[in-house]
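See below for the structure under consideration.
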There are 2 protein chains.
Amino acid sequence: MSTRADPSGSSGVETRAKAATIYDVAQAAGVSHQTVSRFLRGFEGIRPATRERVVQALDELGYRPNLTARSLKSGQSHRIGALAHEISQVGPGRIVEGASIAAREAGYVLDIVSLDTRNPRAIEESLALITQHDLAGVLALAVTDEMTKAFEATAFGVPSYVASESEGVEDDPRGLLSKVGIPTLVAHLAGLGHRRLVHVAGPSMWSASRNRTRAYEAAVESLNLESVGILHGDWSAASGYRAIADLSALPDATAYLVANDQMALGVMLALKERGLRIPQDVSVVGVDDIPEAAYLDPPLTTLSNDFEGQGRAAVAQLLARIERTVLTPVAVPPPSLIVRRSSGPAPVR
Amino acid sequence: MSTRADPSGSSGVETRAKAATIYDVAQAAGVSHQTVSRFLRGFEGIRPATRERVVQALDELGYRPNLTARSLKSGQSHRIGALAHEISQVGPGRIVEGASIAAREAGYVLDIVSLDTRNPRAIEESLALITQHDLAGVLALAVTDEMTKAFEATAFGVPSYVASESEGVEDDPRGLLSKVGIPTLVAHLAGLGHRRLVHVAGPSMWSASRNRTRAYEAAVESLNLESVGILHGDWSAASGYRAIADLSALPDATAYLVANDQMALGVMLALKERGLRIPQDVSVVGVDDIPEAAYLDPPLTTLSNDFEGQGRAAVAQLLARIERTVLTPVAVPPPSLIVRRSSGPAPVR
DNA sequence: AACTAGAATGTTGTCGGTAACATCGTTCTG
DNA sequence: CAGAACGATGTTACCGACAACATTCTAGTT
């Protein structure tokens with residue numbers, strides 16, 4: 001039957017250091033390894049008696065498939081490479097988490113390569129690293145332009161998907177937040193009587209940031225409001241604070257639309273330090289609805305953003321390409337307006 | 001020579017869909033595949049002329065090693081499995097990021113399996129999944145007791161390391177925050193004249209949380225202060241808020257030591273809603289120094305916590321075991337007290 | 001009972017590397 | 001100058017799974 005001998009010599013002992021292979025199972029069941037393989041792959045035509053023996057041997061030896069071997073032969077692994085920037089940030093972190101969970105549910109593991117922003121060669125190194133580990137597909141999550149560019153220039157030889165908010169494409173779920181959410185947010189402010197707004201944008205390197213800015217501008221225009229300033233931050237609370245604190249004079253606005261909640265937090269503190277009351281004197285709204293948003297002082301009006309859903313959706317997209325199946329649509333709930341106390345009626349002059 | 005034929009038939013064209021193997025390189029260089037393999041593994045005894053041809057062929061074909069094949073034979077992969085809870089949380093997220101970057105720098109990829117807290121079988125499934133993908137080692141980051149237990153009960157067959165704050169062990173860098181940081185924090189409050197403190201703890205499932213609580217109790221005792229209450233949260237801002245808001249009457253304390261910054265945020269809002277001023281009426285201090293801490297209202301006194309360093313340190317520990325080398329110590333800066341405006345002198349009765 | 005189609009199962013080769021062993025040349029020694 | 005000794009390179013086997021092809025077995029037909 002099998003040519004493999006038990007190197008330990010002992011047979012009754014259960015303590016085996018090495019994982020059982022299909023050959024071990026085959027020997028134990030008194031069948032060929034191929035029969036075991038067939039069983040594992042769900043082949044139907046196996047006689048009940050044989051099947052029984054295989055099942056039992058499988059169970060006895062505690063067989064676990066060696067995915068490395070499988071992937072070597074079949075050329076397909078059950079790993080998805082994911083490149084992401086700054087996963088410690090709330091947004092990217094939640095996207096990654098959603099992706100990771102979705103991947104696991106589908107029997108895949110997510111190889112996450114986190115890019116070190118301080119290391120300029122990180123992108124290159126990461127791409128090189130990732131191309132060696134043959135993967136079923138590659139995902140770019142939470143990307144900057146630089147990364148998108150490097151990503152698209154790389155021939156992975158496997159399906160890939162960029163989960164950034166794409167710019168031109170219509171009807172793409174990735175742009176939902178900007179296309180649907182931001183207008184709602186602006187309309188909310190307009191409904192409260194605000195006419196002159198300031199936008200605090202994220203870094204222009206991120207397409208997500210540019211989309212939000214563009215959506216803001218379009219909404220302001222269509223509602224006949226006035227944008228009296230666009231400031232820039234880097235998504236952090238510190239940058240939001242600086243954006244306001246560094247101004248020699250505050251713009252003549254009654255509301256601030258900030259591109260994410262963290263920056264909004266900094267903006268609020270800076271405004272308060274200027275002696276303004278929120279929302280009596282100025283309204284501040286954020287985007288993302290981070291868990292802390294409801295507990296800021298004042299609680300922040302913002303836009304819910306289903307990051308986990310985005311991660312899941314990205315994995316679903318990639319899986320559809322990998323497995324050549326029809327895309328199982330992941331319902332990503334549309335962003336919704338969450339009104340809290342940081343926004344209120346525009347002050348009467 | 002080689003028995004492999006070029007399936008495309010064309011030879012001049014550079015467009016090959018498949019990655020070049022050492023056999024392709026060998027053929028191009030007119031040597032055996034083993035010579036190529038030897039070169040790649042850094043074997044010295046290769047004639048300069050031969051070496052030259054190999055280098056050139058390697059370069060021409062853009063050879064990239066297939067790590068799957070290598071790991072099948074050699075039994076060692078360049079992947080580290082990492083299990084983590086709630087990586088979207090700031091702390092765990094930053095630990096994972098630090099680990100991911102450290103792993104990449106060492107030429108490893110981190111397979112991150114994020115556990116879905118809502119799915120009770122997630123731990124089990126994840127462990128099963130991770131044991132299949134033969135890994136160089138396994139890391140448990142940001143763990144709960146339940147996970148630690150499951151983790152330790154699993155025979156991975158490869159080195160593993162749990163990066164949680166261990167309880168009994170002395171001189172372990174993992175407990176630094178509690179052992180050094182918390183006493184400093186309590187001493188800071190004592191120095192401001194506070195005598196009666198309240199502690200808002202994290203979930204008791206986390207050893208990190210229990211350590212902080214125990215360190216708090218010990219410090220209170222040694223400084224002759226009084227702990228007038230220990231409340232419990234789940235690390236979230238919401239739970240911090242609830243812990244206070246649900247009380248029918250506030251305890252007679254002048255300072256709150258909260259186990260992390262997010263909860264502190266909620267605690268501060270709840271206290272303010274009770275009409276207390278911070279820090280004039282009560283002081284609140286947190287732990288972790290999340291980036292937002294400096295921009296809360298008032299900015300939060302807290303303890304810095306080098307999460308990334310913890311991640312790097314964990315990877316270093318694991319790599320030392322994997323590669324059987326001496327541990328390259330990762331300098332994790334000790335936690336330091338960051339005094340901001342949320343703590344002030346105890347009010348005079 | 002002999003024959004045969006088709007189902008069940010076994011055998012061999014393959015994926016891309018690594019390792020052990022085999023072989024071919026050198027150069028050095030006596 | 002023969003032969004040893006060693007250095008450089010080639011051959012073959014192997015890791016654990018899958019796939020193609022080969023073979024055996026079973027059951028139905030005449």
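Residue numbering restarts at 1 for every chain, and letters A, B, ... go by the order of the sequence lines.
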Nucleotide D:dC15, atom C1' - distance to CG of B:N66 in whole Å: 13 Å
Is the phosphate of C:dT18, meaning OP1 or OP2, less than 4.0 Å from a side-chain N or O of B:Y23? no
Looking at B:R51, I'd like to know whether one of its side-chain N or O atoms comes within less than 4.0 Å of OP1 or OP2 on D:dA8. no
When you compare the side chain of B:W206 with that of B:D145, does any pair of heavy atoms fall below 4.5 Å? no
What's the CD1-C1' distance between B:I22 and C:dT18, to the nearest Å? 8 Å
Phosphate oxygens OP1/OP2 of C:dG17: is one of them under 4.0 Å from a side-chain N or O of B:T68? no
Decide yes or no for B:L139 and B:L83: does some side-chain heavy atom of the first lie under 4.5 Å from some side-chain heavy atom of the second? no
Within less than 4.0 Å of OP1 or OP2 of D:dG7, is there a side-chain N or O belonging to B:R47? no
Answer yes or no: side-chain N or O of B:H33 and base N or O of C:dT18 forming a donor-acceptor pair under 3.5 Å. yes
Does A:T21 make a side-chain N or O approach to OP1 or OP2 of D:dG16 shorter than 4.0 Å? no
State whether A:T35 places a side-chain N or O below 4.0 Å from either non-bridging phosphate oxygen (OP1 or OP2) of C:dG10. yes
Counting just side-chain N and O atoms, does B:R70 come under 4.0 Å of either OP1 or OP2 of C:dT18? yes
Contact class for A:I46 vs. all strands (heavy atom < 4.0 Å): base, sugar-phosphate, or nothing? sugar-phosphate
Indicate, with a heavy-atom threshold strictly under 4.0 Å, whether A:L67 touches base, sugar-phosphate, or nothing. nothing
Separation between OH (A:Y63) and OG1 (A:T21), nearest 0.5 Å, reads 7.5 Å
Quick one: is D:dT9 close enough that its OP1 or OP2 comes under 4.0 Å of any side-chain N or O from B:T50? yes
Classify B:Y63 by what it touches in the nucleic acid, base, sugar-phosphate, or nothing, heavy-atom distance under 4.0 Å. sugar-phosphate
In terms of side-chain heavy atoms of A:S32, which of D:dA19, C:dA20, C:dT11 is nearest? C:dT11
Counting only side-chain nitrogens and oxygens, does B:S37 get under 4.0 Å of the OP1 or OP2 atom of C:dT18? yes
Could you give the CD-to-P distance, from B:Q34 to D:dC14, as a whole number of Å? 15 Å
Quick one: the side chain of B:R38 and the base of D:dG10, do they pair up donor-acceptor inside 3.5 Å? yes
Please determine, by modelled atom types, if A:S114 and B:R104 share a side-chain donor-acceptor pair under 3.5 angstrom. no
Is any side-chain heavy atom of B:R79 less than 4.5 Å from a side-chain heavy atom of A:R79? yes
Provide, to the nearest angstrom, the distance between the CZ atom belonging to A:F43 and the P atom belonging to D:dA19. 12 Å
Assess whether atom CD of A:E105 is packed by more than 12 heavy atoms of other residues, nucleotides or ligands within 6.0 Å. yes
Starting at the 5' end of DNA chain C, which residue's closest nucleotide do you reach first, B:R64 or A:G45? A:G45
When rounded to whole Å, the NE2 to C1' distance for the pair B:H78 and C:dT18 reads 14 Å
